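What follows is a short report on a single structure.
What you see is a predicted model, and the numbers here were worked out from it, not measured in a lab. Every chain is numbered from 1, with letters handed out A, B, ... down the list of sequences. All values below were derived from every heavy atom in this structure, side-chain atoms included, with hydrogens, water molecules and symmetry-related copies excluded.
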Protein chains: 2
Amino acid sequence: MTSETKDRILNTAERLFADEGVGVTSLRDITKEANVNLAAVNYHFGSKVELLKAILERNLRPINNQRIKLLDDLSKKNKGEIPAIEDILSAFLGPPFYAWAELDTTEEKQQGLKFLRFLGQCHSASEEIRASLFEQFDLVVERFTEALQTALPNLAPDEVRRRMEFTLGAMSHTMILFELTAQKQDEKETPRQLFESLIRFAAAGFSTTSPLATSKKNISKKSKK
Amino acid sequence: MTSETKDRILNTAERLFADEGVGVTSLRDITKEANVNLAAVNYHFGSKVELLKAILERNLRPINNQRIKLLDDLSKKNKGEIPAIEDILSAFLGPPFYAWAELDTTEEKQQGLKFLRFLGQCHSASEEIRASLFEQFDLVVERFTEALQTALPNLAPDEVRRRMEFTLGAMSHTMILFELTAQKQDEKETPRQLFESLIRFAAAGFSTTSPLATSKKNISKKSKK
DNA sequence: GTCTATATGCGGATAGAC
DNA sequence: GTCTATCCGCATATAGAC
């Protein structure tokens, strides 16, 4: 049996990290609430950061698998033909939202929102946390960057990468705001609206033509008519 | 004289926070390097977080002032006429970059990049830091949201706000990546390219037409031709 | 192997002498 | 205003009980 203690730590920590935040949740808080000894965390995981990584891994794997699956399905469906930008982005940005939308009870949904917020925070946390996030995320981002490059053959590779980063930034920021959005508009389906808006925003950003030549110093030269 | 000690703390902390990160920089590190007593931080600022707020305030004020000024100039220049989206976004996203571009020496530039990264991190730090960031930022965001709404009269107010959030997310994420980008491409002007790409990406995102009706469950229905 | 009791050292904060 | 001494909570390490 893989140590019930280990699972109890994992579950309790997951809830506390999402609920209260990683920074303010101490190992003492976790072990007290889980009714295990303080040293158990170190025995089973090695450190607080390693525990965090384990939680990330456990929750991110199914989401990333779904992303890849959706992307593969896109390619298969339209045999040979290149998928639309919006569909590619939907396969990438959708899964975290789907995972949330599929939850049943109100409490589960609330908990799920908190986890999304937690995930978003990890994107811009300490270097070490970011690193462990991207350990499993990098390959996914790579695959989607390739797909987008194929769909946008005229866009310079550097520019595709930059736009992918902008999308990642908008995504993580959106995840942080998810909770607030959902609570404000009591129970309404606004998270879905937020998610749809994000896809549309990013798709438009990706689809715009290459940036102006960088020779001119004056950057914004657009006419008003 | 407003305490030379206070200034020394402020300067040293600013450098260390940006250089090493807020989390790993202890008050002991700061006070040792600044040659002041450990208790001085608490006397002058109250706490580590308050010190951080003071640094944020000092650096953000001129940037935010420039943002407002640029926006005002836009309105004045084309009397009555509504400015282009790209110009509005340029006035908002440009100042942090200008502040960096105006620095002279290589060391100053490097330091400036680190500060931009630090600023970006604050966007998704603890609730308390975020709050102090937005204490002075909220009004600016409000003004620009209004300007964008005016330039996009057909876009629902909720949607304008959402897109502003996406832009903020892309911006803070970009600031975090600034340092890396600049170092990779040895000394080249890529930060400017990054900044221009961001404006273009966000402008396209803002300019796209309203999202699909939310009645349909199937979200991505775009045809390929 | 699994867990506990306990120790180490560093962090921010503070009371009170000067 | 400045400094010393000290407090308490923290993550982490380890010795040894079961």
Does the ring center of H123(A) lie less than 6.0 Å from the ring center of F118(A)?
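When the ring centroids of H123(A) and F118(A) are compared, they turn out to be at least 6.0 Å apart.
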
So which nucleotide from [options] ends up closest to the side chain of [X]?
{"X": "A39(B)", "options": "dC3(C), dA13(C), dA15(C)", "answer": "dA15(C)"}
{"X": "S26(B)", "options": "dT12(D), dG12(C), dT2(C)", "answer": "dG12(C)"}
{"X": "K48(B)", "options": "dG12(C), dT12(D), dC3(C)", "answer": "dG12(C)"}
{"X": "T5(B)", "options": "dT2(D), dT4(D), dA13(C)", "answer": "dT2(D)"}
{"X": "N37(A)", "options": "dT4(C), dT12(D), dC10(D)", "answer": "dT4(C)"}

Does dC3(C) have OP1 or OP2 under 4.0 Å away from a side-chain N or O of H44(A)?
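Checking dC3(C) against H44(A), a side-chain N or O does come within under 4.0 Å of OP1 or OP2.
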
Quick check: on DNA chain D, is the nucleotide nearest G46(A) upstream (toward 5') of the one nearest V24(A), or the reverse? Name the residue that is more 5'.
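The answer here is V24(A).
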
For DNA chain D, whose closest nucleotide is more 5', that of L38(B) or that of S47(A)?
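Taking each residue's closest nucleotide, the earlier one in sequence belongs to L38(B).
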
Touch check for A40(B), heavy atoms < 4.0 angstrom, all strands: base, sugar-phosphate only, or nothing?
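Since no nucleic acid heavy atom lies under 4.0 Å of A40(B), the category is nothing.
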
In whole angstrom, give the distance that lies between atom [atom1] of [X] and atom [atom2] of [N].
{"X": "D29(A)", "N": "dA11(D)", "atom1": "CG", "atom2": "C1'", "result": "12 Å"}
{"X": "F45(A)", "N": "dT2(C)", "atom1": "CZ", "atom2": "C1'", "result": "14 Å"}
{"X": "E50(B)", "N": "dG12(C)", "atom1": "CD", "atom2": "C1'", "result": "14 Å"}
{"X": "K6(B)", "N": "dT2(D)", "atom1": "NZ", "atom2": "P", "result": "11 Å"}
{"X": "L52(B)", "N": "dA13(C)", "atom1": "CG", "atom2": "P", "result": "12 Å"}
{"X": "K32(A)", "N": "dA11(D)", "atom1": "NZ", "atom2": "C1'", "result": "15 Å"}
{"X": "Y43(B)", "N": "dG1(D)", "atom1": "OH", "atom2": "P", "result": "5 Å"}
{"X": "L27(A)", "N": "dT6(C)", "atom1": "CG", "atom2": "P", "result": "19 Å"}

Taking the basic N atoms (NZ, or NE/NH1/NH2) and the acidic carboxylate oxygens, is any pair closer than 4.0 Å for E165(A) and R162(A)?
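Salt bridge: no.
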
Closest approach of E57(B) to Q136(B) (non-hydrogen atoms, all atoms of both residues)
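Looking at all heavy atoms of both residues, the shortest contact is CA-NE2, 3.1 Å.
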
Qualifying residue, where the test is side-chain hydrogen bond (donor to acceptor under 3.5 Å, both in side chains) with E14(A) and the options are R58(A), K114(A), Q111(A):
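For E14(A), the side-chain hydrogen bond (donor to acceptor under 3.5 Å, both in side chains) test succeeds with only one of R58(A), K114(A), Q111(A), which is R58(A).
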
Want to settle it: does R28(A) or N35(A) sit nearer the 5' end of DNA chain C, counting the closest nucleotide to each?
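Per heavy-atom nearest nucleotide, the more 5' residue is N35(A).
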
Using 30° and 60° as the class limits, which term best fits the ring planes of F97(A) and W100(A): parallel, tilted or perpendicular?
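Tilted: the ring planes of F97(A) and W100(A) meet at 30° to 60°.
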
